[in-house]
Amino acid sequence: MSLPARPSPSEEAGEIARLLSYIGLLTISAGLFLEAVRIPTSRFEALGAGAFPMLVHAVLMLLLLSAIAGSIRTLPSEAYARFAGQVRDWARARRLVFVVFACLGLYLFAMPIAGYPIATLAFLAVLQTTLAPKTRGAMAVALVVSVLFSFGLNWLFAEVFNVFLPRGG
């Protein structure tokens, strides 16, 4: 009996991604199973309306647990560290994307509090100074664009279109 061939790094990454998807699906299925338990029973049926969804999710959870065990068994222990390093390198290469999403999240959170002009000014100023070249000309353009798109658009909508953007509160 020969030992199974050692998977290549890309196969290891694929297997770890598959393992993570199994875990995610198991979590979702467990949540749906718990929701099915809460479905009220009627007095006309013995099993209740939640019996079939509970059965489906219980079988699905057993299959996912089996798949998780099989994935863990096929992966060498050092594959996890290599995968973590690949994820770290991937995230580092795309750090500006994460900065944009973080700024967008803060902007959406700040909009009802600070209002459209202030939140937009801060959002555009921070984002443009982060992404633009660090020259005086670029910073001046970023500031002008930030002011125009925050206070200028607010004025345009209020005075011309009679549409009032969020004022904050």
When you look at Met111 and Tyr116, which way does the side chain to side chain contact (heavy atoms under 4.5 Å, CB included) test go after all the steps? CA-CA 6 Å; Met111 175 85 70; Tyr116 176 83; 3.9 Å; yes
Indicate, with yes or no, if Leu121 and Val144 share a hydrophobic cluster defined by side-chain heavy-atom contacts under 4.5 Å among Ile, Leu, Val, Met, Phe, Trp and Tyr. no
Closest approach of Gln128 and Ala142, non-hydrogen atoms and distance? NE2-O, 3.3 Å
Taking atom CZ of Phe98 as the centre, report whether more than 12 heavy atoms of other residues, nucleotides or ligands fall under 6.0 Å from it. yes
Determine whether Pro133 and Met139 make a side-chain contact, defined as any pair of heavy atoms from C-beta on separated by less than 4.5 Å. no
Hey, are the side chains of Glu12 and Phe83 touching, using non-hydrogen atoms and a 4.5 Å cut-off? no
CG of Leu75 to CZ of Arg82, rounded to nearest 0.5 Å, is 9.5 Å
Using the rule given for side chain to side chain contact (heavy atoms under 4.5 Å, CB included), can you reason through Val126 versus Tyr107, listing the C-alpha separation, both sets of side-chain angles and the distance that settles it, and then say yes or no? CA-CA 11 Å; Val126 167; Tyr107 174 61; over 6 Å; no
Which residue in the set Phe151, Trp155, Phe149 passes side chain to side chain contact (heavy atoms under 4.5 Å, CB included) when paired with Pro117? Phe151
Considering only heavy atoms from C-beta outward, does the side chain of Leu60 approach that of Leu32 to under 4.5 Å? no
Would a hydrophobic clustering, with Ile, Leu, Val, Met, Phe, Trp and Tyr connected at side-chain separations under 4.5 Å, put Ile113 with Leu104? no
Search all heavy atoms of Ala36 against all heavy atoms of Met54 and return the closest pair with its distance. CB-CG, 3.5 Å
CA sep, side-chain torsions, deciding dist, call: Leu106, Phe123, side chain to side chain contact (heavy atoms under 4.5 Å, CB included): CA-CA 8 Å; Leu106 289 171; Phe123 171 71; over 6 Å; no
How far does CG of Leu26 sit from CD1 of Ile23, to the nearest 0.5 angstrom? 8.0 Å
Connected via hydrophobic side-chain network under 4.5 Å: Phe33 and Leu62: no
Dump the intermediate steps for side chain to side chain contact (heavy atoms under 4.5 Å, CB included) on Phe101 and Leu96, then the final yes or no. CA-CA 9 Å; Phe101 278 117; Leu96 289 179; over 6 Å; no
Got a sec: does the CZ of Phe52 have more than 12 other heavy atoms crowding it under 6.0 Å? no
Run through Val141, Leu143, Val147, Leu148 and flag the one making a side chain to side chain contact (heavy atoms under 4.5 Å, CB included) with Val145. Val141
Please examine the side chains of Thr27 and Tyr22, heavy atoms only from C-beta on, and report whether any two atoms are closer than 4.5 Å. no
Is the number of heavy atoms from other residues, nucleotides or ligands under 6.0 Å of Arg94 CZ greater than 12? yes
Can you measure from OG (Ser77) to CD1 (Ile72) and round to the nearest 0.5 angstrom? 12.5 Å
